[in-house]
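Numbers here are sequence positions counted from 1. The figures here come from the full heavy-atom set of this structure, side chains too, leaving out hydrogens, waters and symmetry mates.
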Amino acid sequence: MKRRNGFFSFSIVTVAVLTLSLALTAATLAWQHFQMARTYEETVRLTYLAESALCEGWNQLRQDPDAFLAGQAMAVPRAEGLAGPGDILTVRCQYQPAGQTPGGYLQARAAAPGTGVQQTCGLHFAVTADEQGRTVLHFVQDRKSVV
């Protein structure tokens, strides 16, 4: 009578466990990659939304600088129309008349609270007066040295 030592059964179970582990690892990595792609997609969407709001805010600020420099809230209805449900979109203007060159900073922020992703963009501007005494805004491009 032959005695069976169970080596064949142990080998089959070991191969099955290794195959299952490999499949679970591949599924976990695929899910993480999918989540990273969704986060990237949300980041790109919010970047576009913030830049659209900044562009619209800059156009409004140039048309009526005195009202917004005085602290009036800035509404950007076209950019808000691009926002998804639950998205938060804000545009704010900070103005500092004191200093060598009066100027300020316009910043737009787009956030999706459900994902925790937010994007901001902004621009600097200088303020001068024309011959009639009206406020004129000038976009200031920051110059960065390239090494």
Side-chain angles (χ1 to χ4, degrees), residues 1-127 135-147:
M1 182 168 165
K2 281 185 167 179
R3 284 189 66 199
R4 299 182 191 262
N5 62 5
F7 178 75
F8 185 72
S9 298
F10 176 74
S11 299
I12 295 297
V13 169
T14 302
V15 168
V17 167
L18 289 174
T19 304
L20 181 63
S21 297
L22 183 62
L24 288 175
T25 302
T28 302
L29 290 174
W31 178 254
Q32 289 175 352
H33 184 73
F34 177 70
Q35 291 296 349
M36 286 177 23
R38 286 181 54 179
T39 301
Y40 179 73
E41 175 188 20
E42 190 71 7
T43 302
V44 169
R45 187 182 70 80
L46 291 177
T47 300
Y48 175 76
L49 186 60
E51 289 176 352
S52 297
L54 183 71
C55 182
E56 186 176 354
W58 175 246
N59 289 336
Q60 287 182 13
L61 185 62
R62 285 192 346 211
Q63 289 174 0
D64 189 15
D66 295 325
F68 295 115
L69 295 179
Q72 178 181 341
M74 188 173 291
V76 285
R78 288 190 321 207
E80 287 172 355
L82 298 173
D87 287 346
I88 299 170
L89 184 63
T90 57
V91 179
R92 64 185 178 108
C93 178
Q94 292 181 338
Y95 173 63
Q96 299 170 349
Q100 294 177 355
T101 305
Y105 185 74
L106 185 66
Q107 181 184 33
R109 177 180 162 277
T115 61
V117 178
Q118 71 176 0
Q119 291 296 104
T120 60
C121 61
L123 59 85
H124 293 277
F125 59 88
V127 179
T135 304
V136 179
L137 302 177
H138 303 281
F139 172 72
V140 176
Q141 184 173 4
D142 294 329
R143 294 185 183 187
K144 297 180 181 179
S145 60
V146 178
V147 179

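- Contact of the Ser11 side chain with the Val15 side chain is not registered, since no non-hydrogen atoms from C-beta on lie closer than 4.5 Å.
- Looking at every heavy atom in both residues, Gly86 comes nearest to Pro113 through O-CD, 3.2 Å.
- By the 4.5 Å heavy-atom criterion applied to side chains, Glu56 and Val91 are not counted as neighbours.
- In terms of heavy-atom proximity, Ala79 sits nearest to Ser52 at CB-C, 4.1 Å.
- Contact record, Leu61 with Phe125: CD2-CE2, 3.8 Å, taken as the closest heavy-atom pair.
- Atom CD of Glu41 sits in a sparse spot, with 12 or fewer heavy atoms from other residues, nucleotides or ligands closer than 6.0 Å.
- The two residues Leu89 and Ala53 come nearest to each other via the heavy atoms CD1-CB, 3.7 Å.
- Note: Met74 CE to Gln107 CD = 12.0 Å, rounded to the nearest 0.5 Å.
- The side-chain heavy atoms of Asp87 and Arg45, taken from C-beta on, include a pair separated by under 4.5 Å.
- Taking OG1 of Thr25 as the reference point, atom CG of Leu20 lies at 9.0 Å (rounded to 0.5 Å).
- For the pair Cys93 and Leu69, the minimum side-chain heavy-atom distance is below 4.5 Å.
- The shortest side-chain heavy-atom distance between Pro65 and Val127 does not fall under the 4.5 Å cut-off.
- Heavy-atom neighbours of Tyr105 OH from other residues, nucleotides or ligands within 6.0 Å: above the threshold of 12.
- Expressed to the nearest 0.5 Å, how far CZ of Arg92 lies from OG1 of Thr120 amounts to 9.5 Å.
- In this structure the side chain of Thr115 never reaches within 4.5 angstrom of the side chain of Thr39, judged on heavy atoms.
- Side-chain contact check for Leu49 versus Leu46: some heavy-atom pair is nearer than 4.5 Å.
- When every heavy atom of Ala50 is checked against every heavy atom of Ala108, the shortest pair comes out as O-CB, 3.3 Å.
- Phe68 CZ to Gln63 CD: the interatomic distance, rounded to the nearest 0.5 Å, is 8.5 Å.
- Atoms CD and CZ, on Gln118 and Arg109 in that order, are 4.5 Å from each other to the nearest 0.5 Å.
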